[in-house]
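Worksheet: the structure to be examined is printed underneath.
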Amino acid sequence: MLQKLREAIFLTLANHFTRLAFWDRYRYKLYQLSGLNIKGICKIFGPLTIRPIGGASYIEIGQGSVLNTEIRFGCPKEYIKIGKRCHIGPRVSFETVNHGLIYEEKGGRGHFTKPIYIEDEVWIGCGVIILQGVTIGKGAVIAAGSVVYKNVPAKTLYGGVPAKFIKSLDFEN
């Protein structure tokens, strides 16, 4: 109960913290106080939506990551782990829960949950929806507006609804 109250207070403060560029460097500290497991300095422009309240402890964000505005985390029972140096565009949605297709008289549709893992150096474009059980490999890019329902290999570009392989990003420097 105390954790949920702490989350509600600090999440509200972080989400309404002034939007000046100077303060963007410090907003992540308020999100840490709300219960997010943030592994180092990162930029979170906010606001973040976390459902349900109490879900902040299921979210981990790696050092050097940048999270743009209006990101949603649906994580009632499963983890969402974002690696180091990831770039998450505005209005991205992470959903660890889904419902069954068949309606049962006494139990409704029921639901099931699975974690989401975003490995290091991933770029996720604006408006992407990432569904339960997905792992996005290191260095992958997800095109804006995509719906990701299955794993994405490292160093690939995926896009579309549903997200599909577009090309390899295995460049030699």
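Note that these values count all heavy atoms, side chains included, but never hydrogens, waters or copies made by symmetry. For reference, positions follow the sequence shown, starting with 1. Quick caveat: nothing in here was measured; it's all calculated off a predicted structure.
- When atom types are taken as modelled, the side chain of Glu70 and the backbone of Pro90 share no donor-acceptor pair closer than 3.5 angstrom.
- The side-chain heavy atoms of Asn68 and Ile88, taken from C-beta on, include no pair separated by under 4.5 Å.
- The side-chain heavy atoms of Leu30 and Phe17, taken from C-beta on, include a pair separated by under 4.5 Å.
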Could you walk me through whether Ile38 and Ile44 satisfy the side-chain contact (heavy atoms from CB on, under 4.5 Å) test, starting with their C-alpha distance in whole Å, then the side-chain angles of each, then the deciding distance to 0.1 Å, before giving a yes or no? CA-CA 10 Å; Ile38 299 175; Ile44 303 174; 3.8 Å; yes
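- Annotation: the span from Phe10 atom CZ to Gln32 atom CD amounts to 11.5 Å, rounded to 0.5 Å.
- Within a 6.0 Å sphere centred on CG of Leu5, heavy atoms belonging to other residues, nucleotides or ligands number more than 12.
- Atom OG1 of Thr96 and atom NE2 of His111 lie 9.0 Å apart (nearest 0.5 Å).
- No continuous path of ILVMFWY side-chain contacts below 4.5 Å connects Leu157 to Val122, so the two sit in separate hydrophobic clusters.
- Remark: Leu20 CG is packed, more than 12 non-hydrogen atoms of other residues, nucleotides or ligands lying under 6.0 Å away.
- Note that the CG atom of Asp120 and the CZ atom of Arg85 stand 5.5 Å from one another [nearest 0.5 Å].
- Using a 4.5 Å heavy-atom threshold, the side chains of Phe94 and Val128 count as separate.
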Trace of the side-chain contact (heavy atoms from CB on, under 4.5 Å) decision for Ile61 with Leu36: CA-CA 8 Å; Ile61 300 169; Leu36 272 77; 3.7 Å; yes
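- To the nearest 0.5 Å, atom SG of residue Cys42 and atom NZ of residue Lys29 are 10.0 Å apart.
- Looking only at distances, a side-chain donor or acceptor of Arg27 sits under 3.5 Å from a matching main-chain atom of Thr18.
- At distances below 3.5 Å, not a single donor-acceptor pair connects side-chain atoms of Ser146 with backbone N or O atoms of Ile142.
- Across Ile118 and Cys86, no two heavy atoms sit closer than the pair CG2-SG, 4.0 Å.
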Take Lys43 and Asp24, measure what salt bridge (charged side-chain N to carboxylate O under 4.0 Å, His left out) needs, and give me the verdict at the end. CA-CA 6 Å; Lys43 285 188 180 178; Asp24 288 342; over 6 Å; no
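- With hydrogens and angles left out, the side-chain atoms of Tyr149 and Asn98 include no donor and acceptor closer than 3.5 Å.
- One N or O on the side chain of Arg19 and one on the backbone of Phe45 form a donor-acceptor pair closer than 3.5 Å.
- Between the Thr69 side chain and the Gly46 main chain, no donor and acceptor come within less than 3.5 Å of each other.
- Counting all heavy atoms, side chain and backbone alike, Tyr31 lies closest to Leu11 at CE2-CD1, 3.6 Å.
- Remark: Lys114 does not engage Glu78 in a salt bridge, criterion side-chain N to carboxylate O under 4.0 Å.
- In terms of heavy atoms, Asn151 sits closest to Gly133 at OD1-O, 3.4 Å.
- Here the side chain of Arg72 pairs no donor or acceptor atom with the backbone of Val92 at under 3.5 angstrom.
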From CA spacing to verdict: side-chain contact (heavy atoms from CB on, under 4.5 Å), Val141, Tyr158: CA-CA 6 Å; Val141 176; Tyr158 268 62; over 6 Å; no
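- Criterion: ILVMFWY side-chain heavy atoms under 4.5 Å apart, direct or through other members. Under it, Phe22 and Leu13 are part of a common hydrophobic cluster.
- At least one donor-acceptor pair closer than 3.5 Å links the side chain of Glu7 to the backbone N or O of Ala56.
- Residue Ile41 qualifies as open at atom CD1: its count of foreign heavy atoms under 6.0 Å is 12 or below.
- His99 places a side-chain N or O within 3.5 Å of a backbone atom of Gly110 that can act as its donor or acceptor partner.
- In the hydrophobic clustering of this structure, Ile166 groups with Leu169; members are Ile, Leu, Val, Met, Phe, Trp, Tyr whose side-chain heavy atoms approach within less than 4.5 Å, directly or through other members.
- In this structure, the side chain of Ser65 engages the main chain of Gly83 through a donor-acceptor pair within 3.5 Å.
- Nearest heavy atom pair, residue Glu119 against residue Thr135, reads OE2-CG2, 3.8 Å.
- At a threshold of 4.0 Å, the pair Asp170-Lys155 counts as salt-bridged, since one of the basic side-chain nitrogens sits closer than that to a carboxylate oxygen.
- In this structure, the separation between SG on Cys75 and CD1 on Ile59 is 4.0 Å, given to the nearest 0.5 Å.
- Note: the hydrophobic cluster containing Ile124 does not contain Ile129 (ILVMFWY, side chain heavy atoms under 4.5 Å, direct or indirect links).
- Relative to the ring axis of Tyr79, Lys81 places its NZ or CZ within 45° and under 6.0 Å from the centre.
- Expressed to the nearest 0.5 Å, how far OH of Tyr117 lies from CD of Glu60 amounts to 9.5 Å.
- When the side chains of ILVMFWY residues are joined at heavy-atom separations under 4.5 Å, either directly or via intervening members, Phe73 and Leu131 end up in two distinct hydrophobic clusters.
- Nearest heavy atom pair, residue Ile116 against residue Ile130, reads CD1-O, 3.6 Å.
- Val97 and Pro76 make their closest contact through CB-CG, 4.2 Å (heavy atoms, listed as atom of the first residue, atom of the second, distance).
- The shortest side-chain heavy-atom distance between Thr156 and Phe165 falls under the 4.5 Å cut-off.
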